[in-house]
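Computed from a predicted model, the values in this text were never measured in an experiment.
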Amino acid sequence: EYREIVTIYLDPEEVAKDVRPPTERIKEEFEHRKSSLGVPERRTVDQALLFDEAKAKSLSQALKQGGKFAEVAKKITGKAPTRLGTVSKNDLPDQAIANAAFSSALDVPSEPIKSSLGWHILRVSKIFPGKTPRLEEHRKAISDDLAKEIAIDDLIKLTGKLDDILAGGATIEDAARAIGATARTFAAVDADGRDPSGK
């Protein structure tokens, strides 16, 4: 059995090509996404952890006199400094330590910092600058995403209108013209979607 089928296909991708999202909406979406688009500054941080304030001050003083961080820390604490790794400010759970790590100059040991764990002296060995996102870098991607959202919203409204027109007794061809779409006819289609030649 073959049947003639008339269809209306509403494609959000095609509709989106003609959609121009308002500039203000693009700016709002950029602000909304800004935190996920940026790259935070990261630093490689080592720390010496001491449980005694006097020893922390002694280590700090030795470092100010030109001692090497690893050597002086091992001499005073009995073990090598701990590498915290390459971290962003948000990766460090203690706010005081995070502030010290991200305000210290490269290779300049921090002053002793008190935390619930003891006294920390930090040294930053590498700095990887962050990147603040700019609207122009992301405008097209945001505009394309918004265009698709708007297109889908428009098509939902359009299909509602189409339903009303068809419910009023219009043919599918007339309904398509009424909403600015094109009705496509398949002259002979079987249950598997093939024409008489098997295509």
Side-chain angles (χ1 to χ4, degrees), residues 1-45 83-95 97-99 101-103 124-199:
E1 179 181 303
Y2 291 93
R3 297 192 176 196
E4 180 179 281
I5 298 173
V6 183
T7 67
I8 298 174
Y9 178 53
L10 303 173
D11 183 359
E13 296 283 343
E14 286 299 314
V15 175
K17 290 176 183 176
D18 297 321
V19 175
R20 299 289 174 267
T23 302
E24 203 52 45
R25 189 163 171 190
I26 293 172
K27 287 179 181 175
E28 285 173 11
E29 185 63 20
F30 172 71
E31 290 301 323
H32 178 70
R33 298 185 187 187
K34 203 172 185 178
S35 60
S36 63
L37 295 172
V39 178
E41 179 181 308
R42 292 161 64 243
R43 295 183 169 210
T44 302
V45 183
R83 174 147 286 191
L84 298 180
T86 301
V87 293
S88 69
K89 194 170 186 178
N90 289 336
D91 291 332
L92 297 169
D94 186 279
Q95 193 62 50
I97 292 171
N99 289 340
F102 280 81
S103 60
V124 175
S125 57
K126 288 182 184 173
I127 297 176
F128 302 91
K131 186 176 180 185
T132 303
R134 294 186 306 114
L135 175 57
E136 288 315 309
E137 294 171 339
H138 301 279
R139 183 184 294 275
K140 185 178 185 314
I142 292 172
S143 180
D144 289 348
D145 289 347
L146 288 175
K148 287 174 190 171
E149 286 178 23
I150 293 168
I152 289 168
D153 289 343
D154 288 349
L155 288 185
I156 289 169
K157 292 173 190 170
L158 206 57
T159 52
K161 184 178 177 182
L162 182 64
D163 286 343
D164 291 342
I165 294 167
L166 290 170
T171 65
I172 198 165
E173 293 89 350
D174 289 339
R177 281 191 289 274
I179 65 166
T182 303
R184 184 176 177 190
T185 301
F186 297 89
V189 180
D190 70 12
D192 293 320
R194 298 179 183 276
D195 68 11
S197 69
K199 289 183 182 177

Closest heavy-atom pair and its distance - [X], [Y]:
X: V6; Y: A183; result: CG1-CB, 3.9 Å
X: H138; Y: P133; result: NE2-CB, 3.9 Å
X: P21; Y: A147; result: CG-N, 3.7 Å
X: Y2; Y: P196; result: OH-CA, 3.5 Å
X: F186; Y: T7; result: CE1-OG1, 3.7 Å
X: A176; Y: L162; result: N-CD1, 4.5 Å

**Q.** For R139, all residues meeting side chain to side chain donor-acceptor pair (under 3.5 Å), sequence neighbours excluded
**A.** E136

Q) Would you call D164 and K161 a salt bridge, taking side-chain N to carboxylate O under 4.0 Å as the test? A)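 So D164 does not pair with K161 through a salt bridge.
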
Find out whether [X] and [Y] are in side-chain contact, i.e. whether some heavy atom of one side chain is under 4.5 Å from a heavy atom of the other.
X: E41; Y: P129; result: no
X: E31; Y: E28; result: no
X: T44; Y: F128; result: yes
X: V15; Y: L158; result: no

Which value, rounded to the nearest 0.5 Å, describes the distance between [X] atom [atom1] and [Y] atom [atom2]?
X: I142; Y: L135; atom1: CD1; atom2: CG; result: 6.5 Å
X: I8; Y: R177; atom1: CD1; atom2: CZ; result: 10.0 Å
X: L155; Y: I150; atom1: CG; atom2: CD1; result: 12.0 Å
X: R184; Y: Y9; atom1: CZ; atom2: OH; result: 11.0 Å
X: L37; Y: K131; atom1: CG; atom2: NZ; result: 10.5 Å
X: L84; Y: I97; atom1: CG; atom2: CD1; result: 8.0 Å

Q. Which residue pairs pass the side-chain hydrogen bond (donor to acceptor under 3.5 Å, both in side chains) test when at least one of the two sits in residues 188-199, sequence neighbours left out?
A.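 For residues 188-199: D195-S197.
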
Q: Return each pair, listed once, that meets salt bridge (charged side-chain N to carboxylate O under 4.0 Å, His left out) where at least one residue sits in residues 148-157; pairs must be two or more places apart or across chains.
A: R25-E149

Q: Keeping the roles fixed (side chain from D144, backbone from A141), state whether a donor-acceptor pair exists under 3.5 Å.
A: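 A pair under 3.5 Å: no.
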
Apply salt bridge (Lys or Arg N to Asp or Glu O under 4.0 Å) to [X] and list each qualifying residue two or more places apart in sequence or on a separate chain.
X: E14; answer: K17
X: R83; answer: D46
X: E1; answer: R3

